[in-house]
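Notes follow the structure.
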2 protein chains.
Amino acid sequence: MLTSDDCPENVLAIKDALEALEGRWKLLILLSLSAGNKRFKQISKEIHSITDKMLSKELKILESNKLVKRSVYDTFPPTVEYSITEHGKSVEKVLDVLYQWGMQHRKEVMGN
Amino acid sequence: MLTSDDCPENVLAIKDALEALEGRWKLLILLSLSAGNKRFKQISKEIHSITDKMLSKELKILESNKLVKRSVYDTFPPTVEYSITEHGKSVEKVLDVLYQWGMQHRKEVMGN
DNA sequence: CTGAATCCTTGACGATACTG
DNA sequence: CAGTATCGTCAAGGATTCAG
């Protein structure tokens, strides 16, 4: 979460939004969990090129941002399940807008 | 511009959109130019903490993304003016959505 | 199974000096 | 005025190994 530095106040909210979705993996993890609750191993198999370290780290960030919920079940071997929160679901409308503009942007930049 | 790697096709457009706005400066430059055409020096004065190198680099990226237009006038000393393109203006509705969600996000993450 | 610890590479970003 | 060139720093992300 950013604090005031160079930015006018309203820019901070935009930057926070971008930051919450930035990086190579957050989007993929979010979409994977949107399709249903998953365990650590399941996610890493779906996103085959992610390392355990990155998956672990990104999940923590997403959890700290209240986009993802982590549930631990006391079994052996340990069972941990990840799911999308209500707040996590609310990003979908943002992604829609980004998708629409992104398509337009690709047309604009590539071949008109 | 990304090509297909791990990502499902629709994710690429979203990533391109995020990429076009990412980084410490792009948003500030875009907003500055939205308020009116500016010359290099004017922008760097408005965004006082940016270095010439970064401003130059970011402007090139924004120009290559068709978000900003660079106009050179053959005077001495040289005059270069930057302006927002139509495509650049189209990001405003994206920023609106990001702002709305960003505000909600801040409430969610900080003190509900 | 679900991670944490360590080491390494790469690119973003900054400071400063210089040029047409 | 409008940049470029050079050097340096730091954190993101990756590869690999270790642990409860």
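In what follows, chains carry the letters A, B, and so on, assigned in the order in which the sequence lines appear, proteins first and then strands, with residues in each chain numbered from 1.
- Looking only at distances, a side-chain donor or acceptor of B/Thr85 sits under 3.5 Å from a matching main-chain atom of B/Lys66.
- Rounded to an integer number of Å, the gap from CG of B/Leu59 to C1' of D/dA2 is 11 Å.
- Checking C/dA4, D/dG3, C/dC1 against every side-chain atom of B/Arg70, the shortest atom distance belongs to D/dG3.
- Along DNA chain D, the nucleotide nearest B/Phe40 and the nucleotide nearest A/Lys26 are compared for position; the residue whose nucleotide lies closer to the 5' end is B/Phe40.
- Here C/dG11 presents its P atom at 14 Å from CD of B/Glu19, a figure rounded to the nearest Å.
- Between the side chain of A/Lys15 and the backbone N or O of B/Arg24 there is at least one donor-acceptor pair closer than 3.5 Å.
- The interatomic distance linking B/Ile29 (CD1) with D/dA2 (P) rounds to 15 Å, in whole Å.
- Between A/Trp101 and B/His87, the ring-plane angle classifies as parallel under the 30° and 60° cut-offs.
- Between B/Lys60 and D/dT4 there is a side-chain polar atom (N or O) within less than 4.0 angstrom of OP1 or OP2.
- In this structure, the CG atom of B/Asn37 is 17 Å from the C1' atom of D/dA2, given to the nearest Å.
- One can place NZ of B/Lys57 at 14 Å from P of D/dA5, the figure rounded to the nearest angstrom.
- A salt bridge does not link B/Glu63 to B/Lys60: none of the charged side-chain nitrogens sits closer than 4.0 Å to a carboxylate oxygen.
- Comparing D/dG3, C/dC1, C/dC13 by their nearest atom to the side chain of B/Tyr82 picks out D/dG3.
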Protein N or O to nucleotides 15-20 of chain D N or O, pairs below 3.5 Å:
none

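- Between the CE atom of B/Met54 and the P atom of D/dT4 there is a distance of 13 Å, given to the nearest Å.
- Taking hydrophobic clusters as Ile, Leu, Val, Met, Phe, Trp and Tyr residues chained together by side-chain heavy-atom distances below 4.5 Å, A/Leu18 shares a cluster with A/Val97.
- Rounded to an integer number of Å, the gap from B/Asp74 CG to D/dA2 C1' is 14 Å.
- Heavy atoms only, all atoms of each residue included: A/Ala17 and B/Gly102 are closest at CB-CA, 4.0 Å.
- If you measure from atom CG of B/Leu55 to atom P of D/dG3, you get 8 Å, rounded to the nearest angstrom.
- Closest non-hydrogen pair, A/Leu21 versus A/Lys26, comes out as O-CB, 3.9 Å.
- Residue B/Arg39 places no side-chain N or O under 4.0 Å from the OP1 or OP2 atom of D/dC1.
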